[in-house]
Amino acid sequence: MDHRRAPHPADLDVDGFARRLRRNRLRRRDTLWLFGAATAVPALSGCATSPVTGETILAGMTPEQERAVDRQHAPHQFSQDLGAVQDAGINAYVAEVGSQLHANVHRRDMPYSYRVLNANYVNAYTFPGGAMGVTRGIVAELDDESELAALLGHELGHVNARHAAQRQGQALLAQVAVVGLTVGAVAADSDWAPLIGLGGQIGASALLASYSRDNEREADALGQEYMVRAGYPAQGMVGLHRLLVEQHERAPGLLETMFSSHPMSRERMDTAQRLAQTRFAASGGAATRRERFMDRTAALRALKPAIQACQAGETAMAKKDLNAAQDRFAAALRHAPRDYAANLRMAQCLQAQRKPAEARRYADAARRIYPEEAQAMKLAATLKLGAGEPAAAFDDLQRYDRALPGDPGITFLKGVALEGMGNQRASAEHYAGYLRVTQQGQAAQYAASRLRSWGYLR
């Protein structure tokens, strides 16, 4: 949740919320607000040496801290983007391409990892230690393996130049761990804003790497170098840039997160073209490996109509056109009835339309489809809180904790569920635990108010 632009009313009605919770009569707005409970982590600072240039740089993290940030935060961000796709083959394929590339990078000792995420929006991002996510929305648009190598190579460039560290990476990650962050076009006064942002931009991938244009140019050059070393034609980077620039011109909303975090321009495409014709001209005869790409991504590309329908539905939700959004998610489900992302988005859309019973049906379907993924558990829990079933909500939150431990927002929600169950002491323990992590935002405001009213705080 963006604490400066909270989707709940500016002054939280603590007493009213507590009264409704005590009677297990939460309103739709209450449950939507609960879904966006969040926290923050502090920034770090220091100096380091660039492994690429050898120059001294101002760095936010040591290499050990970069690895620790990945371990602590990457699983939560990947879940915000609906988890890795349930296709072991394509995840293994992307990891295979990535391993060919990172065998040629400057920082070969980093714990690089790769996965395709269920997010529909078009983007790729990396954490400082090399934990990388590529959305299915962008993989479905690529034309061959050389473009995939360019995409991964670019992100490897950011890791190897330590751009996240230079930009005080952990400060940029301040809200990654637990937030349902709304990016861009969702209005601050939208009472369902915690659920969804333009192009499915739930999570904080836009904050992971707000790179400068110089950062982007360096990552492009490094990525092109790495892919050529791995045996790909440098022209793949040109093809990737051309695809993104043309898509942005046709449908700018779908690439808003990518363009906000990775400033794009035709100048970058022209630079990649010049390097492909000069410095990397010898790579011109290398294979693009298109046939292999088409074979290994066939199952995901078969979902492209569903992905595009979800993109349209998410864009409609950002515009508050809920009827159109529901139609688009229904179209996605007609094409792919067992698609986790489509079922979850439909549940969120129906919740926003005050249709909790129907929303629960799709949330439950999402849980059955992908029982290991945590977002459906969280949505089911907030729906049950809204239905006056705090004990059942607490059970779902316990499952979330087992699937994705370390989320302070879930600690807060468990406190709410326990309060609804009448277990004041256990609720207070959870609220106090949440406040030990953060004292900012309306969730913290509510927790502190309850602890004061119960005599635990002065």
Side-chain angles (χ1 to χ4, degrees), residues 93-94 97-98 100-101 116 119-126 132-158 199 205-206 209 211-294 296-298 300-301 304 307-308 311 315:
Y93 169 59
V94 171
V97 174
Q100 293 173 26
L101 293 165
V116 180
N120 299 297
Y121 68 102
V122 175
N123 201 10
Y125 56 85
T126 185
M132 197 174 301
V134 179
T135 69
R136 68 180 190 170
I138 194 168
V139 174
E141 299 296 335
L142 300 177
D143 191 56
D144 57 45
E145 190 171 300
S146 72
E147 291 182 358
L148 174 61
L151 182 67
L152 300 180
H154 176 92
E155 298 304 327
L156 286 167
H158 284 306
S205 60
Y211 299 120
S212 69
R213 292 187 182 276
D214 285 342
N215 289 160
E216 289 299 289
R217 293 185 185 102
E218 185 174 22
D220 282 346
L222 287 170
Q224 213 165 6
E225 176 183 339
Y226 297 154
M227 64 184 294
V228 169
R229 287 182 183 178
Y232 294 97
Q235 197 67 27
M237 184 67 77
V238 182
L240 175 66
H241 282 308
R242 182 178 296 113
L243 164 71
L244 296 174
V245 169
E246 290 176 353
Q247 282 228 344
H248 186 60
E249 290 173 350
R250 288 197 304 271
L254 295 181
L255 279 82
E256 183 163 323
T257 297
M258 170 163 269
F259 275 62
S260 65
S261 58
H262 299 270
M264 187 67 66
S265 68
R266 287 190 174 273
E267 175 261 335
R268 286 177 56 200
M269 181 173 68
D270 293 341
T271 298
Q273 180 69 66
R274 176 175 53 77
L275 288 172
Q277 293 173 340
T278 55
R279 179 182 174 189
F280 302 121
S283 73
T288 64
R289 308 179 200 181
R290 186 172 191 273
E291 185 175 348
R292 190 169 91 120
F293 176 83
M294 290 294 172
R296 300 289 293 273
T297 63
L300 186 145
R301 288 184 295 101
K304 189 171 180 177
I307 295 169
Q308 290 176 327
Q311 289 171 340
T315 300

Is there a side-chain contact between [X] and [Y], using heavy atoms and a 4.5 Å cut-off?
{"X": "Leu151", "Y": "Val134", "answer": "yes"}
{"X": "Arg292", "Y": "Tyr93", "answer": "yes"}
{"X": "Met237", "Y": "Gln273", "answer": "no"}
{"X": "Glu216", "Y": "His158", "answer": "yes"}

From [X] atom [atom1] to [Y] atom [atom2], the distance as rounded to the nearest 0.5 Å:
{"X": "Leu240", "Y": "Gln235", "atom1": "CG", "atom2": "CD", "result": "12.0 Å"}
{"X": "Leu148", "Y": "Arg290", "atom1": "CG", "atom2": "CZ", "result": "13.5 Å"}
{"X": "Tyr125", "Y": "Glu155", "atom1": "OH", "atom2": "CD", "result": "10.5 Å"}
{"X": "Thr297", "Y": "Lys304", "atom1": "OG1", "atom2": "NZ", "result": "10.5 Å"}
{"X": "Thr126", "Y": "Leu156", "atom1": "OG1", "atom2": "CG", "result": "7.0 Å"}

**Message:** Taking Glu267 first and then Arg213, would you say they form a salt bridge - that is, a charged N and a carboxylate O separated by under 4.0 Å?
**Reply:**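 Answer for the salt bridge query: no.
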**Prompt:** With a 4.0 Å cut-off, would you call Asp214 and Arg217 a salt bridge?
**Reply:**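 Between Arg217 and Asp214 there is a salt bridge, with a charged N closer than 4.0 Å to a carboxylate O.
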**Request:** Evaluate the criterion side chain to side chain contact (heavy atoms under 4.5 Å, CB included) for residue pair Val122 and Leu244; output intermediate values, then yes/no.
**Result:** CA-CA 9 Å; Val122 175; Leu244 296 174; 4.1 Å; yes
Considering non-hydrogen atoms only, spot the tightest contact between [X] and [Y] and give its length.
{"X": "Leu101", "Y": "Gly153", "result": "CD1-N, 3.9 Å"}
{"X": "Phe293", "Y": "Val139", "result": "CZ-O, 3.9 Å"}
{"X": "Ile138", "Y": "Asn123", "result": "CG2-O, 3.4 Å"}
{"X": "Asn120", "Y": "Gln311", "result": "O-NE2, 2.7 Å"}
{"X": "Ala119", "Y": "Thr135", "result": "O-CB, 3.5 Å"}
{"X": "Val94", "Y": "Leu152", "result": "O-CD1, 3.8 Å"}

**Working for side chain to side chain contact (heavy atoms under 4.5 Å, CB included), residues Val238 and Glu147** = CA-CA 8 Å; Val238 182; Glu147 291 182 358; over 6 Å; no
N/O donor to acceptor pairs below 3.5 angstrom from side-chain atoms of residues 227-234, sequence neighbours left out:
residue	atom	partner	partner atom	Å
Arg229	NE	Glu225	OE2	3.2
Arg229	NH1	Asn104	O	2.6
Arg229	NH2	Glu225	OE2	2.3
Tyr232	OH	Gln100	OE1	3.0
Tyr232	OH	Glu145	OE2	2.6
Tyr232	OH	Arg289	NH1	3.2

**Message:** For Met269, is there any backbone N or O sitting under 3.5 Å from a side-chain donor or acceptor partner on Arg242?
**Reply:** no
**Prompt:** Hey, mind stepping through Gln308 and Glu141 against side chain to side chain contact (heavy atoms under 4.5 Å, CB included) and telling me if it holds?
**Reply:** CA-CA 10 Å; Gln308 290 176 327; Glu141 299 296 335; 4.1 Å; yes
**Request:** Under the side chain to side chain contact (heavy atoms under 4.5 Å, CB included) rule, what do Leu300 and Val116 come out as? Steps first, then yes or no, please.
**Result:** CA-CA 10 Å; Leu300 186 145; Val116 180; 3.9 Å; yes
